[in-house]
Amino acid sequence: MASENVKTGDSAVTTIVNLAEEAKLAREGVVKAPSYALASICKSLVAGGVAGGVSRTAVAPLERLKILLQVQNPHNIKYNGTIQGLKYIWRTEGFRGLFKGNGTNCARIVPNSAVKFFSYEQASKGILHLYQQQTGNEDAQLTPLLRLGAGACAGIIAMSATYPMDMVRGRITVQTEASPYQYRGMFHALSTVLREEGPRALYKGWLPSVIGVIPYVGLNFAVYESLKDWLIKSNPFNLVENSELSVTTRLACGAAAGTVGQTVAYPLDVIRRRMQMVGWNHAASVLTGDGRGKVPLEYTGMVDAFRKTVQHEGFGALYKGLVPNSVKVVPSIAIAFVTYEVVKDILGVEIRISE
């Protein structure tokens with residue numbers, strides 16, 4: 001018993017000494033304390049959530065119009081263009097109509113964005129570590145292709161974690177005051193879909209979403225980080241001040257990243273939205289054509305949705321809503337990236353993750 005007490009005492013002393021040494025090294029900047037790492041994770045999640053909420057709210061009217069154009073019954077078209085569509089929403093639903101579904105969208109995008117940015121940082125660190133080990137070069141940096149992979153991983157994780165909220169958000173967004181049945185909010189929509197269509201319905205359109213998120217999110221991060229690195233290292237237009245890019249320059253990098261990503265992945269986004277509407281009892285009038293047009297098509301899967309969309313509406317239908325989405329996505333992605341970095345800077349979190 002005495003020997004056990006001695007061992008216990010020695011173990012406690014050793015633990016205290018080790019903790020003291022770790023604290024000393026943390027203060028000296030040699031290692032990071034566990035509490036610092038936890039705080040850094042929390043701050044990164046907060047920064048990602050704020051970035052998502054701010055960027056989506058700023059472009060909410062264009063986001064709603066894009067979804068309405070994507071799922072609009074082709075036999076009873078009420079508007080074609082961006083300006084015409086926004087005027088129609090304003091005239092029929094007022095100012096609040098422009099932001100319909102934004103609350104649900106923010107409830108989805110805040111955790112989505114937080115998980116996405118945090119997952120990208122962790123995936124980047126892991127991939128960089130493996131890349132440095134494989135090449136034997138501790139100074140190796142992430143290539144654009146590796147950044148694409150990290151971004152794709154982040155996009156898949158974040159999208160899968162919040163997909164049911166995205167599914168019901170799409171339905172809430174397209175319903176109007178004249179719709180035969182009203183979802184009263186996100187939780188009411190989730191419970192109604194579960195009760196009437198089953199749990200699998202919450203993941204309708206998940207496959208094209210996964211396929212689409214790889215080039216979309218992957219290219220967003222890859223183009224944004226690669227552009228920033230190129231500008232900082234080569235400084236072709238004298239845009240670098242004190243080894244940092246201005247907010248305006250970073251906005252431009254984010255805009256370029258958003259343009260590339262959304263153009264490549266847009267047809268999959270259209271198919272995803274259409275699949276999410278399948279099986280909706282008492283669907284919104286934008287789908288049914290107010291009873292004066294043909295009923296919306298039913299799809300058995302992603303390939304069937306592609307085939308029927310092109311067959312009945314032509315190839316151009318895969319890009320319905322592209323104009324408002326282009327107008328929306330450029331400032332949205334740009335604002336998200338810059339807001340994320342600014343908030344992290346305010347919170348005192350290290351920004352550079354891909355050196």
Side-chain angles (χ1 to χ4, degrees), residues 50-73 77-110 112-113 116 159 162 165-177 186 205 209 212-213 216-217 219-220 224 251-274 276-277 284 286-287 316-340:
V50 172
V54 171
S55 64
R56 289 308 174 101
T57 301
V59 296
L62 291 167
E63 173 71 13
R64 187 183 183 215
L65 177 62
K66 178 203 76 171
I67 296 175
L68 288 170
L69 287 170
Q70 285 179 334
V71 302
Q72 185 175 217
N73 191 307
I77 295 175
K78 294 182 173 65
Y79 40 79
N80 286 312
T82 303
I83 303 299
Q84 184 184 12
L86 291 173
K87 286 182 177 179
Y88 181 86
I89 295 172
W90 177 276
R91 187 174 66 252
T92 57
E93 301 180 63
F95 178 78
R96 291 183 61 184
L98 295 172
F99 289 87
K100 181 166 287 185
N102 185 56
T104 307
N105 193 27
C106 285
R108 174 193 70 90
I109 203 63
V110 168
N112 178 284
S113 185
K116 181 171 64 179
M159 183 274 299
T162 59
M165 287 187 285
D166 180 71
M167 189 271 185
V168 298
R169 192 266 300 198
R171 292 194 176 185
I172 290 173
T173 299
V174 302
Q175 71 181 9
T176 64
E177 300 299 328
M186 182 178 67
S209 296
V213 83
Y216 180 63
V217 179
L219 284 171
N220 279 345
Y224 180 72
L251 281 170
C253 292
T259 301
V260 173
Q262 66 96 23
T263 302
V264 172
Y266 194 78
L268 287 158
D269 188 53
V270 172
I271 295 303
R272 171 183 67 141
R273 287 295 172 207
R274 294 191 169 203
Q276 287 176 348
M277 304 300 157
V286 68
L287 301 175
L318 296 175
Y319 286 90
K320 280 186 173 180
L322 180 62
V323 173
N325 190 63
S326 298
V327 176
K328 170 203 72 118
V329 80
V330 171
S332 177
I333 296 296
I335 292 170
F337 275 120
V338 175
T339 302
Y340 177 66

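Residue numbers count from 1 along this sequence. Please read these numbers as outputs of a predicted model, since none were measured by experiment.
- Considering CE of Met186 and OG1 of Thr104, their distance stands at 6.5 Å, rounded to 0.5 Å.
- Here Asn105 contributes atom CG and Ile172 contributes atom CD1; the two are 10.5 Å apart, rounded to the nearest 0.5 Å.
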When you look at Arg169 and Glu63, which way does the side-chain contact (heavy atoms from CB on, under 4.5 Å) test go after all the steps? CA-CA 11 Å; Arg169 192 266 300 198; Glu63 173 71 13; 2.8 Å; yes

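- Note that the CD atom of Gln84 and the CG atom of Leu69 stand 9.5 Å from one another [nearest 0.5 Å].
- Closest approach of Ala51 to Ala336, counting heavy atoms only: CB-O, 3.2 Å.
- Qualifying side chain to side chain donor-acceptor pair (under 3.5 Å) partners for Asp269, counting only residues two or more places apart in sequence or in other chains: Lys66, Gln70, Arg272.
- For Arg273, the salt bridge (Lys or Arg N to Asp or Glu O under 4.0 Å) partners at least two apart in sequence or on another chain are Asp166.
- Arg171 places a side-chain N or O within donor-acceptor distance of the main-chain N or O of Gln276, the cut-off being under 3.5 Å.
- Residues Tyr224 and Gly254 approach most closely at CD1-N, 3.5 Å, considering heavy atoms.
- The two residues Ala60 and Asn102 come nearest to each other via the heavy atoms CB-OD1, 3.5 Å.
- In this structure Glu93 satisfies the side chain to side chain contact (heavy atoms under 4.5 Å, CB included) test together with Arg64, Ile89, Lys100, Thr176, sequence neighbours excluded.
- Under the 30°/60° scheme for interplanar angles, the aromatic rings of Tyr319 and Tyr266 are found to lie parallel.
- Expressed to the nearest 0.5 Å, how far CG of Leu62 lies from OG1 of Thr82 amounts to 7.0 Å.
- With sequence neighbours excluded, the residues that form a salt bridge (Lys or Arg N to Asp or Glu O under 4.0 Å) with Lys320 are Glu313.
- Listed here is the closest heavy atom pair of Thr162 and Arg108: O-CG, 3.9 Å.
- Closest non-hydrogen pair, Leu65 versus Pro324, comes out as CD2-CB, 4.1 Å.
- Rounding to the nearest 0.5 Å places SG of Cys106 at 9.0 Å from CZ of Arg56.
- Legend: residues meeting side chain to side chain contact (heavy atoms under 4.5 Å, CB included) with Val54, ordered by chain and number and at least two apart, are Val50, Ile335, Thr339.
- For the atom pair OG1 (Thr263) and CG (Leu322), the distance works out to 6.0 Å, reported to the nearest 0.5 Å.
- With sequence neighbours excluded, the residues that form a side chain to side chain contact (heavy atoms under 4.5 Å, CB included) with Val338 are Val247, Arg250, Leu251, Val342.
- Between Val174 and Ile67, the shortest heavy-atom contact is CG1-CG2, 3.5 Å.
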